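Below is one structure, written out as structure tokens, with a few remarks after it.
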Amino acid sequence: MLMNRIEKAAVNNPARRALQRFYEVPALLKLAGGPLAPGARAVEVGCGSGYGTRMILDRFGAAKVDALDLDPGMAAKARRRLSDRPGRVRLEVGDATDLKAAFGAEGGTYDAAFDFAIIHHIPDWRSAVAEIARVLKPGGVFVFDEVTAHALARPTYRRLFDHPEHDRFTAREFLAELPRHGLAATGAFTRISGDYLLGTARKRAANRARPRPCPARAPSGVREPGTVAVRPSWNRP
């Protein structure tokens, strides 16, 4: 689902970029256990104007990034922003639920996947999570910063922005979906009374037993609503 004009202005303003650069990215780096390994290849769903893509390159240390957006105008802005990174970024207009169509991505293609607040825009968000899990290598990291149903129900969000009306997710529901696709949450926290969820997950090795989902309980470290401490639990090899 495309952003409306007001939301595009909101996500592309200097205050939003400062929040991402000075608060969200450092928190996500901590949850991820630090920068990616040298030579890491990453994918970003919903790259917008490319500011987050630059953070993936510069702060997370990805060698190459495949980034896509459903909006051709936003993808064009990203191309201009990232024109100084020849050979390191591949940008496409496409759907986050079909990365094979966008990039020819086979299973186990990427070392990392990034979602900077775009999955809540996708009506079939579970398919987007499944696709991210499919293209990650075993041990690959999924880094996410999401807007929950709690925020989308607020009057300001309802009046100003356009979002899918059905099957919105809470922080608990988003995290409970991850193990259904072989992703193990390694750290997560919410902020502003459960409005926003930041976290990381790792793709389980193919030979490990798939855990049975337990929707009645929140994954470790997350309560709703409220804010909890950042407590990464992944031990890097």
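Everything quoted here is computed from the prediction, not taken from an experiment.
Heavy atoms only, all atoms of each residue included: Leu198 and Ala27 are closest at CD2-CB, 4.4 Å. Residues Arg80 and Ser83 share a closest heavy-atom pair of O-OG, 3.0 Å. For the residue pair Ala205 and Pro138, the shortest heavy atom distance occurs at CA-CB, 4.0 Å. The two residues Ala185 and Leu175 come nearest to each other via the heavy atoms CB-CD2, 4.4 Å. Across Val147 and His120, no two heavy atoms sit closer than the pair O-CB, 3.4 Å. Residues Arg168 and Leu152 share a closest heavy-atom pair of NH1-O, 3.5 Å.
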Before giving the answer on side-chain contact (heavy atoms from CB on, under 4.5 Å), spell out for Arg79 and Ser49 the whole-Å C-alpha distance, their side-chain angles and the decisive distance to 0.1 Å. CA-CA 8 Å; Arg79 286 191 180 92; Ser49 64; over 6 Å; no
List the steps and the verdict of side-chain contact (heavy atoms from CB on, under 4.5 Å) for Val43 and Leu99. CA-CA 9 Å; Val43 64; Leu99 297 175; 4.3 Å; yes
Determine, stepwise, if the pair Tyr110 / Phe103 fulfils side-chain contact (heavy atoms from CB on, under 4.5 Å). CA-CA 11 Å; Tyr110 300 103; Phe103 301 116; 3.8 Å; yes
Would Val89 and Thr53 satisfy side-chain contact (heavy atoms from CB on, under 4.5 Å), going step by step from the backbone distance to the final call? CA-CA 8 Å; Val89 180; Thr53 316; 4.2 Å; yes
Going through the distances and angles, do Asp66 and Arg88 end up as a salt bridge (Lys or Arg N to Asp or Glu O under 4.0 Å)? CA-CA 9 Å; Asp66 287 347; Arg88 296 189 65 193; over 6 Å; no
Decide salt bridge (Lys or Arg N to Asp or Glu O under 4.0 Å) for Glu173 and Arg126; before the verdict, give the C-alpha distance in whole Å, the side-chain angles of both, and the deciding distance to 0.1 Å. CA-CA 10 Å; Glu173 289 165 343; Arg126 289 179 175 83; 5.9 Å; no
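When the options Arg202, Arg41, Lys137 are evaluated for a salt bridge (Lys or Arg N to Asp or Glu O under 4.0 Å) with Asp111, the one that passes is Lys137. Results of the side-chain contact (heavy atoms from CB on, under 4.5 Å) test with Cys47 over Leu91, Val65, Leu68 single out Leu91 as the only residue that passes.
By the rule that hydrophobic residues join a cluster once side-chain heavy atoms approach within less than 4.5 Å of another member, Val143 and Tyr23 end up as members of one cluster. One hydrophobic cluster holds both Leu28 and Leu19 under the rule that ILVMFWY side chains link at heavy-atom gaps under 4.5 Å.
Residues Phe169 and Glu146 form a side-chain contact, since some pair of their non-hydrogen atoms from C-beta on lies under 4.5 Å apart. Using a 4.5 Å heavy-atom threshold, the side chains of Leu36 and Arg59 count as separate. You'll find the side chain of His181 stays beyond 4.5 Å of the side chain of Arg204, heavy atoms only. Side-chain atoms of Leu197 and Phe144, non-hydrogen and from C-beta on, do get closer than 4.5 Å to each other. A heavy-atom distance below 4.5 Å is found between the side chains of Trp125 and Glu177. Side chains of Arg21 and Tyr51 form a contact here, defined as non-hydrogen atoms less than 4.5 Å apart. Looking only at side-chain heavy atoms (C-beta outward), Val45 and Phe116 stay at 4.5 Å or farther from each other. Residues Leu178 and Val129 meet the side-chain proximity criterion, which asks for heavy atoms closer than 4.5 Å.
One N or O on the side chain of Lys203 and one on the backbone of Leu136 form a donor-acceptor pair closer than 3.5 Å. Within the 3.5 Å criterion, the main-chain N or O of Gly48 finds a donor-acceptor partner in the side chain of Asp69. In this structure, Glu44 contributes its side chain and Gly52 its backbone to no donor-acceptor pair below 3.5 Å. Between the side chain of Thr148 and the backbone N or O of Gly194 there is at least one donor-acceptor pair closer than 3.5 Å. Side-chain atoms of Arg85 do not come within 3.5 Å of backbone N or O of Lys64 as any donor-acceptor pair.
No side-chain donor from either of Glu131 and Thr97 sits under 3.5 Å from a side-chain acceptor of the other. A donor atom on one side chain and an acceptor atom on the other are found under 3.5 Å apart for Thr200 and Thr186.
In this structure, NZ on Lys30 lies 9.5 Å from CZ on Phe189, to the nearest 0.5 angstrom. Taking CD1 from Ile119 and CG from Asp124, the interatomic distance works out to 11.0 Å, rounded to the nearest 0.5 Å.
A salt bridge links Asp84 with Arg54; the closest basic N to acidic carboxylate O contact falls under 4.0 Å.
By the 30° and 60° cut-offs, the orientation of the rings of Phe114 relative to Phe60 is perpendicular.
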